[in-house]
Amino acid sequence: MVKRICTLLLVLAAPYAMAQDYVPGEILVKMKGRPSGSKSALFMGQMQGKLALKSTFGKLNMHHMSLKAGEDMQKVLGELRENPDVEYAEPNYILRKADGEQAGADNRRYSAEEAASVSAQSGSSGTYRQSYAATKTTESWAQMNSGSEDVVVAVVDTGVDYTHSVFTSTSAIWTNPGETPNNGIDDDGNGYIDDVRGWNFYAGNKNPMDDDEHGTHVAGIIVGAGQDIMSGPFQYSHIKIMPLKFLGADGSGSTSNAISAIYYAVNNHAQVINNSWGGGSYSQALHDALAYAYAQGVVLVAAAGNAHSNNDSSAMYPANYPVPSQISVAATNDWDTLASFSNYGISTVHMAAPGVGIYSTVPGNYYRYMSGTSMAAPFVSGLAALAIREAPHLSAYQIRNLVINSSNQVAGLATKMSSGSRANSLNTIVNAKNNVNTQALDQPSYVASAPAGYRSPDSIEAKGGCGLVSTAVMRQSFGNGAGPQGPSPLGAIAALTLLPVLAWQVIRMRALANPKNRRRFERFVMNSEIKVRVGDRELVGQMNTISMGGVSFKADALLERGGVVTLQIASPDGQEQVQVEGRIVWSEQNQAYGVQFGETKDTVLDSIKGWTKDLAKAS
Ligand code: CA
């Protein structure tokens with residue numbers, strides 16, 4: 001009987017589980033407790049046999065990991081969830097652009113010259129310049145202040161063709177003031193080398209160029225909220241686009257990269273983040289990232305989705321995360337009715353904006369019509385940026401409410417979204433100006449908790465019992481004692497050569513323990529920069545203390561880059577030096593990070609053996 005129930009449960013769970021869409025073998029793990037705590041480090045040591053670290057989100061206390069060969073996703077997820085130090089573990093879900101359907105039959109690209117003639121035909125008085133919707137956008141421009149303040153809008157998308165003449169002639173692309181171009185150095189210490197105009201999280205490089213069209217189209221719409229991007233004359237854009245690419249040319253990307261992009265946006269002072277993408281899987285990790293953005297005063301704008309479905313009953317994320325500074329945007333057409341494809345939801349969708357037949361920039365100096373909630377959201381992002389410009393002291397929550405409340409009530413939308421209204425540029429600018437003397441209010445507190453009744457689909461299998469999954473005992477690679485005792489030759493080498501960071505420091509200390517070498521090195525607190533080579537990159541980290549014997553430093557930055565480091569180690573007498581590659585691990589015995597020499601050249605190990613043969617053993 002039990003077996004039958006289990007079979008039934010499996011059958012019921014299967015379609016739900018299969019509907020999940022995640023990067024094979026990749027897991028996001030959130031640790032309990034404070035960021036960068038020793039629990040997190042201990043955990044890294046425990047899970048070494050099963051998971052490899054890809055990156056760490058230090059402020060979130062979260063690790064992005066991948067399964068080692070032969071390990072089972074559901075089983076490891078189950079184990080992680082049983083681990084008392086783990087707050088949650090989830091697959092690295094895949095997210096997709098809220099696809100811009102091509103409007104009608106007009107699917108071709110237009111040149112800049114043609115764009116000007118299109119402009120002459122459209123955008124008549126009282127309408128949106130890039131469609132015929134009655135948003136009073138042109139009128140709003142006359143009301144904008146002439147101050148010099150700029151507002152940064154992050155476009156988390158497929159990238160942006162930052163060479164498009166609309167962006168170059170308006171100086172609309174954000175540039176990182178702390179970064180010197182192409183010097184191979186992370187000048188501002190934000191973890192990204194030469195990130196002069198954003199970052200490509202998809203490919204892991206400094207070039208956020210659009211290899212689709214989606215992100216460039218979105219960026220044009222945002223800039224177009226503040227000026228005519230079709231015919232010019234172009235003016236200096238006070239809206240700055242921060243291009244953050246996490247979606248590939250196929251329009252899909254991973255939650256881990258979306259999180260990285262959101263963190264980048266917040267930490268590099270974007271004030272609005274446009275998210276014209278999504279998926280159906282609830283991710284606590286993505287929810288946490290958006291809550292962080294909210295706590296830092298960032299307005300979030302999300303496309304409601306293009307499935308013509310009700311988000312109240314069939315969730316679309318990130319649009320459905322109820323973060324207080326978020327606006328979930330549906331699409332309307334030129335006649336102010338809900339676009340045929342647009343999602344809706346009286347309690348989860350907040351407002352609408354034009355999203356049918358929107359004319360905007362695409363790569364290669366072209367323009368094109370596109371439709372989708374992907375095109376509606378950026379118009380609202382642009383309006384939020386302009387509202388911030390008028391009333392920069394208001395909280396993100398106040399700006400969000402101001403933009404929603406400035407929209408026009410439309411009869412047909414009353415049952416489709418909470419405000420029942422469509423964006424209005426003129427009202428937004430005027431209302432923002434009227435709020436110049438309004439007191440900034442504290443934002444309501446917000447805890448990123450899962451929706452009521454939510455159960456992780458994977459936990460159905462992972463925790464369902466039925467003898468399908470047995471919780472394995474954690475393997476303590478470096479637990480309590482003198483390290484691993486196993487007979488594996490590689491493990492033995494690793495154990496013998498496990499040294500606290502930095503490794504040469506310990507060699508020196510061992511040298512000190514030997515009377516022959518005894519000298520006293522006083523240790524001094526010195527918080528300054530340290531550079532370490534990791535792979536082909538030079539990492540800049542924070543050093544804590546220094547002595548004549550070595551330095552100690554925070555290992556987080558190293559963990560963030562996958563934990564593989566190249567160290568230069570000097571011999572105790574300082575006469576010899578070797579370069580050695582190793583992986584950062586946590587040593588319970590030493591209560592410190594160490595570097596494990598996994599597959600080091602024999603010549604290097606011979607050198608170390610030579611150095612240590614006369615040294616006293618560390619206790
Ligand atoms: Ca940088």
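Both counts, for ligands and for their atoms, begin at 1 and track the order of listing. Predicted model only: the values in this text are computed from it and were never measured.
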Completion exercise
For T158 and K245, the nearest pair of non-hydrogen atoms, with its separation, is O-NZ, 2.8 Å
Handout entry: Any donor-acceptor pair under 3.5 Å from N92 side chain to S254 backbone
Key = no
Problem - Output field: ring centroids Y282/Y321 closer than 6.0 Å - result: yes
Practice task
Name the orientation class of the two ring planes belonging to Y264 and W174 (parallel below 30°, tilted from 30 to 60°, perpendicular beyond 60°).
Solution key: perpendicular
Problem - Y88 six-ring centre to K30 NZ/CZ under 6.0 Å and within 45° of normal - result: no
Exercise for the section: Starting from the Ca ion (ligand 1), count all protein N, O or S atoms within a radius below 3.0 Å. Expected result: 6
Completion exercise
Sequence neighbours excluded, the answer for salt bridge (Lys or Arg N to Asp or Glu O under 4.0 Å) partners of D210 is none
